[in-house]
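Encoded as structure tokens, the structure appears first; notes follow it.
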Amino acid sequence: MSANADIARLFHEMADALELLGENAFRVNALRKVARVAEDATADLAAVARTDPKAVEAIEGIGASSARKIVEFAGSGAMREHAELLAKLPPGLMQVLRVPGLGPRTVKLLWEQGGVTDLATLKTKLASGELAGLPRMGPKTLQNIAENLAFLETAGQRTRLGDALPVADALVAELSKLPGVKEVAFAGSLRRGRETIGDVDLLVATTKPSPVMHAFTSRPGVAKVLAHGETKSSVRLASGLQVDLRAVAPAAWGAALLYFTGSKEHNVLLRERAQRKGLRLNEYGLFKDDGKPEPPQDRGLTPVAAATEAKVYEALGLPWIPPELREGHDECGGTPAPLIELSDIRRELHCHTTASDGACTIEEMAEEAKRRGFDAIAITDHSRSSAQANGLSVERLREHIAAIRAAARRVSGIHILAGSEVDILADGRLDYPDEVLAELDWVVASPHTALKQEPAAATKRLLAAIEHPLVHVIGHPSGRMLGGRPGLEPDWAALFKAAARSGVAMEINANPHRLDLRDQLVRAALAAGCHIAIDTDAHGLDNFDLLRFGVLTGRRGGLTAEGCVNAWPWKRFEAWRHSRGR
DNA sequence: GCCGTTTTCGGCCCGACTGTTTTCAGTCG
């Protein structure tokens with residue numbers, strides 16, 4: 001198990017503890033940054049710390065002090081300073097920070113003056129009314145804390161991209177019909193295509209924000225209005241999803257969209273860059289910095305740039321940066337190659353039919369692929385070990401291959417490949433003998449079981465599939481489920497190196513429950529020289545729509561059409577496909 | 001605690017909204 005998640009958690013906890021203790025905010029931020037770096041890292045930081053401690057400190061955002069802590073963790077599985085900090089607080093106090101609206105200052109107050117030590121005491125003391133005498137604890141604040149505490153107890157965690165995007169699309173369509181609305185878009189982590197999002201951020205351009213705010217907060221489906229101001233409102237939908245709406249003047253659209261798309265870290269990079277150029281950037285525009293503290297837009301200053309994102313970037317000496325790359329990493333470093341687009345995808349290479357656990361026939365799937373302008377579809381039903389998915393025995397597979405070939409003769413205008421999604425068994429063997437695999441046009445090899453096995457075993461297992469000469473692509477390589485199971489945590493660097501050498505593609509499974517490979521692993525795979533496949537794993541016609549989530553994930557990893565086998569011209573794809581098996 | 005094409009010290013992004021206050025602290029993104 002990669003220790004990165006544990007390292008990130010420890011640093012977050014140290015940051016929380018320091019905040020509750022009233023420590024220096026910049027020190028807190030620095031620790032949080034280390035936590036984010038650990039979350040994003042694809043290499044196992046503990047392993048790096050054991051082999052080359054100096055390499056940890058060389059990572060951007062990790063200084064000498066944090067590197068020492070990571071090295072200590074790699075050796076002992078703990079951090080002394082972390083334990084010391086947490087010992088200064090009641091064990092349950094940090095959970096209180098998770099209540100929306102409660103920040104470190106308030107929690108500190110509730111603890112020191114109200115005797116709150118955890119969520120349970122908070123609840124009882126709210127009910128008994130004994131917090132009422134505390135400073136800044138008026139009836140509305142106490143009411144809000146009680147409601148938010150109840151929400152925390154019932155609500156889940158972050159929302160999957162696949163669940164949030166359709167909601168956002170519908171809200172954008174709804175708002176665009178309101179009078180006086182010139183532009184509408186969703187921003188935030190949703191626009192950046194993150195696999196999960198905390199809330200939906202919407203932006204409208206209008207000269208009359210008031211009626212828009214009113215329409216938004218009073219629309220059906222709003223369970224609670226969290227804030228309702230002149231230019232900014234926030235609601236919680238009945239589904240529990242929080243939606244924020246911000247209104248700006250049309251002339252500031254670009255600056256506002258840039259600002260609300262984030263990420264926060266990207267915004268900081270841009271602001272620092274602006275400062276170095278004697279400029280000042282906020283959501284109203286990029287202004288000349290005249291040193292006066294009052295906001296430039298309040299003094300009638302004309303911005304250097306504001307109308308479009310591209311103009312703001314240009315004035316900062318940058319090319320327009322796609323939202324998917326705005327994570328505060330190295331995106332401001334140069335001109336990135338154009339990222340893959342949905343329209344670049346020419347074929348679906350992983351789908352299921354009624355032969356295993358799909359809902360449609362071979363012909364229905366092929367016709368749908370054709371309707372969507374694809375040049376090919378690979379039919380890849382489950383192999384025999386996937387009994388729960390009605391996997392095909394060798395005999396049924398041979399009948400299925402014949403059925404696929406027959407369908408290919410009936411349906412014109414699209415290539416139909418006879419494939420299989422073959423289980424990679426726990427020991428790395430594939431689920432069909434080689435002579436059977438050799439009868440197929442296309443082999444997706446995927447792990448479905450034993451997804452909790454140790455990293456060393458997982459590495460050996462996936463390596464065996466990657467080095468198998470008849471395999472074209474490794475399907476959903478980790479087997480993770482978002483919000484479900486973490487999946488395998490093999491030595492990704494070793495796998496990508498092997499895949500690049502053997503020519504096997506690594507899949508981005510576009511199903512929003514999977515998005516596997518995830519964004520940062522796509523980046524690492526590309527850096528190693530791997531080909532990437534983006535497949536929907538469609539089990540029915542609607543599932544073809546999932547492709548956008550796979551493309552977003554690829555873009556977050558820096559994927560171009562050149563790097564994606566689904567986007568290659570047919571001849572190149574065929575040459576590569578036939579190169580396997582030799 | 002981190003960082004440096006001004007700096008190894010002295011900075012570290014910026015504004016809206018709420019609730020409780022009579023001018024602002026705290027939270028959020």
Side-chain angles (χ1 to χ4, degrees), chain A residues 11 14-15 18-19 22-37 57-70 81 85 97-110 132 134-145 148 187-190 192 197-203 209 213 217 225-235 242-248 252 255-256 258-287 289 293-298 317 328:
Chain A
F11 275 92
M14 285 191 282
L18 286 173
E19 277 200 301
E23 271 277 355
N24 180 296
F26 297 111
R27 196 177 157 208
V28 171
N29 277 340
L31 291 174
R32 292 214 190 281
K33 174 148 193 197
V34 175
R36 279 196 305 275
V37 169
E57 195 179 333
I59 299 170
E60 167 91 22
I62 301 181
S65 169
S66 292
R68 265 198 309 278
K69 294 186 181 77
I70 293 170
E81 191 170 335
L85 276 173
L97 279 174
R98 291 173 52 221
V99 178
L102 289 189
R105 310 297 286 265
T106 311
V107 173
K108 189 166 192 270
L109 172 85
L110 291 170
L134 298 180
R136 310 193 63 80
M137 285 293 138
K140 280 193 173 178
T141 298
L142 289 169
Q143 172 75 16
N144 281 336
I145 294 173
N148 287 331
S189 49
L190 197 56
R192 301 201 310 279
I197 56 123
D199 58 20
V200 172
D201 295 299
L202 298 174
L203 187 65
M213 290 297 145
T217 52
V225 177
L226 303 168
H228 182 165
E230 181 66 16
T231 63
K232 183 184 165 187
S233 293
S234 190
V235 301
Q242 183 176 325
V243 185
D244 298 340
L245 175 65
R246 185 69 184 262
V248 296
L258 183 61
Y259 180 81
F260 291 109
T261 297
S263 66
K264 190 177 164 184
E265 291 73 28
H266 182 74
N267 287 348
V268 169
L269 288 181
L270 294 187
R271 287 215 163 106
E272 287 170 354
R273 195 179 180 94
Q275 281 188 332
R276 287 198 298 273
K277 290 177 175 290
L279 299 165
R280 181 169 166 179
L281 178 63
N282 61 27
E283 61 261 54
Y284 299 100
L286 181 66
F287 298 88
D289 189 358
E294 297 80 27
Q297 67 276 8
D298 294 347

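Sequence lines set the chain letters: A, B, ... in the order given, protein chains first and strands last, and positions in each chain run from 1.
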For B:dC2 and B:dT7, measure between their C1' atoms and round to the nearest Å. 14 Å
Rounded distance in Å - CZ (A:Arg273) to C1' (B:dT5): 12 Å
What does A:Pro135 touch in the nucleic acid at a heavy-atom separation under 4.0 angstrom: a base, only the sugar-phosphate, or nothing? nothing
NA contact type, A:Asn282, heavy-atom cut-off 4.0 Å: base, sugar-phosphate, or nothing? sugar-phosphate
Whole-Å C1' distance, B:dC14 and B:dC9: 25 Å
Answer whether the closest heavy-atom distance between the side chains of A:Tyr284 and A:Asp298 falls below 4.5 Å. no
Looking only at side-chain N and O atoms, does A:Thr231 come under 4.0 Å of OP1 or OP2 in B:dC17? yes
Rounding to an integer number of angstrom, what distance separates B:dT22 and B:dG15 when you compare their P atoms? 25 Å
Do the side-chain N or O atoms of A:Thr106 get closer than 4.0 angstrom to the phosphate oxygens (OP1, OP2) of B:dT27? yes
Taken to the nearest whole Å, CG/A:Leu245 to C1'/B:dG29 is 14 Å
Under 4.0 Å from OP1 or OP2 of B:dT20: is there any side-chain N or O of A:Thr141 that close? yes
Heavy atoms under 4.0 Å, any strand shown: does A:Leu270 hit a base, just sugar-phosphate, or nothing? nothing
Picking from B:dG29, B:dG1, B:dC17, the nucleotide nearest the side-chain atoms of A:Gln242 would be B:dG29
B:dG15 phosphate, OP1 or OP2: any side-chain N/O from A:Arg280 under 4.0 angstrom? yes
Just checking A:Ala64: base, sugar-phosphate only, or nothing, at a heavy-atom cut-off of under 4.0 Å? sugar-phosphate
Sub-4.5 Å side-chain heavy-atom contact between A:Tyr259 and A:Asn282: no
Heavy-atom closest pair (A:Gly328 atom, A:Glu265 atom, distance to 0.1 Å) is CA-CB, 3.9 Å
Identify whether any heavy atom of A:Gly262 sits under 4.0 Å from a base atom; if not, whether one sits that close to sugar-phosphate; answer base, sugar-phosphate or nothing. nothing
Mind checking if A:Arg246 touches a base, just sugar-phosphate, or nothing, with heavy atoms under 4.0 Å? sugar-phosphate
Any base atoms under 4.0 Å from A:Lys140, or only sugar-phosphate, or nothing? Heavy atoms, all strands. sugar-phosphate
Under 4.0 angstrom, heavy atoms only, what part of the nucleic acid is A:Arg136 near: base, sugar-phosphate, or nothing? base
Any base atoms under 4.0 Å from A:Glu57, or only sugar-phosphate, or nothing? Heavy atoms, all strands. nothing
Quickly work out the A:Tyr259 OH to B:dC28 P distance and round it to whole Å. 14 Å
Nearest heavy-atom contact between A:Leu202 and A:Val243 is CD1-CG1, 3.7 Å
Of A:Gly229 and A:Gly63, the one whose closest nucleotide on DNA chain B sits nearer the 5' end is A:Gly63
So, is A:Ser66 near the phosphate of B:dG1, with a side-chain N or O under 4.0 Å from OP1 or OP2? no
When A:Lys69 and A:Pro295 are each assigned the nearest nucleotide of DNA chain B, the 5'-most assignment goes to A:Lys69
Looking at B:dC13, I'd like to know if its phosphate oxygens (OP1 or OP2) sit under 4.0 Å from a side-chain N or O belonging to A:Arg271. no
Closest to side chain of A:Ser65, choosing from B:dG1, B:dT20, B:dT18: B:dG1
When rounded to the nearest Å, what value does the distance between P atoms of B:dC3 and B:dC13 take? 14 Å
Pairing partner of B:dT8 (Watson-Crick or G-U wobble, both distances under 3.5 Å): none
When the distance from CE of A:Met213 to P of B:dA16 is rounded to whole Å, what number comes out? 12 Å
Within a strict 4.5 Å, meaning less than it, do heavy atoms of the A:Glu60 and A:Val37 side chains meet? no
Can you measure A:Leu281 atom CG to B:dC14 atom C1' for me and round it to whole angstrom units? 9 Å
To the nearest angstrom, how far is A:Gln275 atom CD from B:dC3 atom C1'? 14 Å
Looking only at the side chain of A:Ala30 (C-beta and beyond, no hydrogens), which of the listed nucleotides B:dC2, B:dC13, B:dT27 gets closest? B:dC2
Which residue in the set A:Arg105, A:Arg32, A:Lys108, A:Arg27 passes salt bridge (charged side-chain N to carboxylate O under 4.0 Å, His left out) when paired with A:Glu19? A:Arg32
With side chains defined as the heavy atoms from C-beta onward, is the minimum distance between A:Met137 and A:Thr106 less than 4.5 Å? yes
Mind checking if A:Tyr284 touches a base, just sugar-phosphate, or nothing, with heavy atoms under 4.0 Å? sugar-phosphate
Any idea which of B:dC12, B:dG15, B:dG26 is nearest the A:Glu272 side chain? B:dC12
Say you pick atom C1' in B:dG4 and the same atom in B:dT8; how far apart are they, in whole Å? 8 Å
Same-atom distance (P) from B:dA16 to B:dT21, integer angstrom: 24 Å
Could you tell me how far apart A:Asn24 (CG) and B:dC2 (P) are, to the nearest whole angstrom? 12 Å
Expressed in whole Å, how much space separates the P atoms belonging to B:dT27 and B:dT20? 14 Å
With heavy atoms under 4.0 Å as the rule, sort A:Asn144 into base, sugar-phosphate or nothing. sugar-phosphate
Could you state the CG-P distance from A:Asn29 to B:dC14, rounded to the nearest angstrom? 14 Å
In short, A:Gly61 meets A:Val34 closest at the heavy-atom pair O-CG2, 3.4 Å
